[in-house]
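Here the structure is a predicted model, which is why all the values come from computation and not from measurement. Naming: A, B, ... by sequence-line order, numbering from 1 per chain.
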Number of protein chains: 2
Amino acid sequence: MKSDTKTLILDVAQRLIQTRGHNGFSFRDLSREVGVRTASIHYHFPTKTDLAVALIRRYREMIGEAMADIAVQQDSLGKRLDATTRLYMDTLHNGSRICVCAALAGEYLSLPGAVQVELRKLIDDSERWISRFLTEGRARGEISKDNDPHSLARLWYAALQGALVVSRAGNHEILRDAAGALKNLTLRGM
Amino acid sequence: MKSDTKTLILDVAQRLIQTRGHNGFSFRDLSREVGVRTASIHYHFPTKTDLAVALIRRYREMIGEAMADIAVQQDSLGKRLDATTRLYMDTLHNGSRICVCAALAGEYLSLPGAVQVELRKLIDDSERWISRFLTEGRARGEISKDNDPHSLARLWYAALQGALVVSRAGNHEILRDAAGALKNLTLRGM
DNA sequence: GTCTATAAGGGGATAGAC
DNA sequence: GTCTATCCCCTTATAGAC
């Protein structure tokens with residue numbers, strides 16, 4: 001059993017960050033939900049910064065695995081973009097969560113330096129995965145050669161992150177509409 | 001002189017929300033920067049919720065005026081989208097701020113109900129302005145009739161908000177690249 | 001690994017003097 | 001309008017018993 005306290009703390013902390021942000025939860029909140037005292041949480045993660053860093057690192061690995069799965073299971077650009085969009089939709093529909101990236105980036109200038117560093121790695125990684133999908137799709141003629149896959153990847157990533165954030169506060173249809181419109185534009189005429 | 005304490009409090013609070021988020025600043029922070037004691041801030045805004053609500057309301061008016069100016073000064077869809085993009089770029093380059101919308105939406109589930117309500121109004125308003133630009137542009141034949149202006153407006157708003165958030169934490173070129181790519185896709189072949 | 005107890009400071013908010 | 005003084009609770013974090 002690796003479903004021990006340490007893992008449970010990370011699970012709960014991640015959900016709290018995705019719903020309330022880094023400054024929106026405390027060790028006390030964690031304590032209540034995990035079922036141990038705050039001192040026990042400090043045993044596993046000496047400081048809140050240690051916890052946040054470990055959490056982002058784990059999240060980055062999870063995203064990496066999910067995107068690698070998509071790369072293996074989906075053979076066309078259209079399907080890969082759909083699957084990526086679905087990944088974000090699932091996040092939103094799982095307790096109104098947004099991506100850890102957008103949640104933390106929103107309060108970026110209040111974050112400890114070590115957390116900022118991990119966050120940048122998460123963004124770089126995620127952007128690279130979408131960039132790879134677009135580059136491979138372009139090589140296979142699935143989108144116009146006029147497109148710069150790197151800029152287009154940044155657009156996709158920004159749009160997905162932003163749609164998640166705005167959808168939660170506004171209307172959940174925004175994510176579906178925005179992603180649908182972007183897919184149409186990306187593959188138009190192909 | 002309307003540049004009184006109340007206005008100064010709103011100015012500083014807005015900057016702090018745009019850089020650190022709602023849970024990332026305190027009355028003490030305001031006190032230091034405005035130059036009055038926290039009790040004086042409570043005189044102008046009894047609770048932090050009152051302050052946030054007033055601030056979003058004012059921000060919404062400012063955005064409305066800026067978008068109305070764009071509607072008057074720019075006569076083509078391309079120019080209007082460029083001017084809107086520039087509005088967001090200016091925000092990012094003014095002390096690494098993001099839009100009040102994205103800053104608050106990131107910690108949505110930790111916000112007081114009254115603040116959530118004001119935030120939704122801000123999102124609706126902003127989306128409507130972009131939707132109007134796209135609808136008018138479509139009627140003038142500046143984009144394909146295949147586009148649904150409403151979905152496209154949601155894409156534009158999500159992309160701009162997300163690009164701002166991700167750019168600040170990652171790389172400021174993301175906003176330029178994402179907005180450039182989206183403009184190309186939107187006007188492609190026209 | 002988890003607990004109790006506690007430190008030292010920050011949080012929003014109020015009463016009442018000036 | 002702004003101040004001092006204060007309330008009461010929450011915050012992260014540590015020491016040391018079990």
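- The shortest distance between side-chain heavy atoms of Leu30(A) and Ser26(A) does not fall below 4.5 Å.
- Considering only side-chain N and O atoms, Ser26(A) lies under 4.0 angstrom from the phosphate OP1 or OP2 of dT11(D).
- At whole-Å resolution of the value, CZ in Arg37(A) and P in dT12(D) are 16 Å apart.
- Between His44(B) and the phosphate of dT2(D), there is a side-chain N or O to OP1/OP2 separation shorter than 4.0 Å.
- In this structure, Leu8(B) atom CG and dT2(D) atom C1' are separated by 14 Å, rounded to whole Å.
- Listed candidates were dT2(D), dC3(C), dA15(C). Nearest to the side chain of Ser40(B) is dT2(D).
- Tyr43(A) has no side-chain polar atom (N or O) that falls below the 4.0 Å cut-off from OP1 or OP2 of dT2(C).
- Near-neighbour residues of DNA chain D inside residues 10-22 of chain B, defined by a heavy atom below 4.0 Å, are absent.
- Atoms NZ (Lys48(A)) and C1' (dT14(D)) sit 18 Å apart, rounded to a whole Å.
- Counting non-hydrogen atoms under 4.0 angstrom, Phe45(A) reaches nothing in the nucleic acid.
- Taking atom CD1 of residue Ile41(A) and atom P of nucleotide dG1(C), one finds them 15 Å apart after rounding to whole Å.
- As a whole-Å value, the separation of His42(A) NE2 from dA5(C) P is 17 Å.
- The CZ-C1' distance, from Phe27(A) to dT14(D), rounds to 12 Å in whole Å.
- A salt bridge links Asp29(A) to Arg32(A): at least one charged side-chain nitrogen sits closer than 4.0 Å to a carboxylate oxygen.
- Pairing each heavy atom of Gly95(B) with each of Leu109(A), the nearest pair is O-CD1, 4.1 Å.
- Under the 4.5 Å side-chain criterion, counting only non-hydrogen atoms from C-beta, Glu136(A) is not in contact with Glu142(A).
- Regarding Leu30(A), its CG atom lies at a distance of 16 Å from the P atom of dC10(D), rounded to whole Å.
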Would you give me the side-chain donor-acceptor pairs under 3.5 Å for residues 110-120 of chain A, sequence neighbours excluded?
residue, atom, partner, partner atom, Å
Ser110(A), OG, Asn23(A), ND2, 2.9
Ser110(A), OG, Glu107(A), O, 2.9
Gln116(A), NE2, Tyr108(A), O, 2.8
Glu118(A), OE2, Arg57(A), NH2, 3.0
Glu118(A), OE2, Lys121(A), NZ, 3.1
Arg120(A), NH1, Tyr108(A), OH, 2.3

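- Atom CG of Asn23(B) and atom P of dT11(D) are 11 Å apart (whole Å).
- Using a 4.0 Å cut-off between charged nitrogen and carboxylate oxygen, Arg58(B) and Asp11(B) count as a salt-bridge pair.
- Distances shown here put every side-chain N or O of Arg28(B) at or beyond 4.0 Å from the OP1 or OP2 atom of dG12(C).
- When the side-chain nitrogen and oxygen atoms of Thr5(A) are compared with OP1 and OP2 of dT2(C), one or more of them lie within a distance under 4.0 Å.
- Comparing dT14(C), dT11(D), dT2(D) by their nearest atom to the side chain of Ala39(B) picks out dT14(C).
- Under the 4.5 Å side-chain criterion, counting only non-hydrogen atoms from C-beta, Val36(A) is not in contact with Leu8(A).
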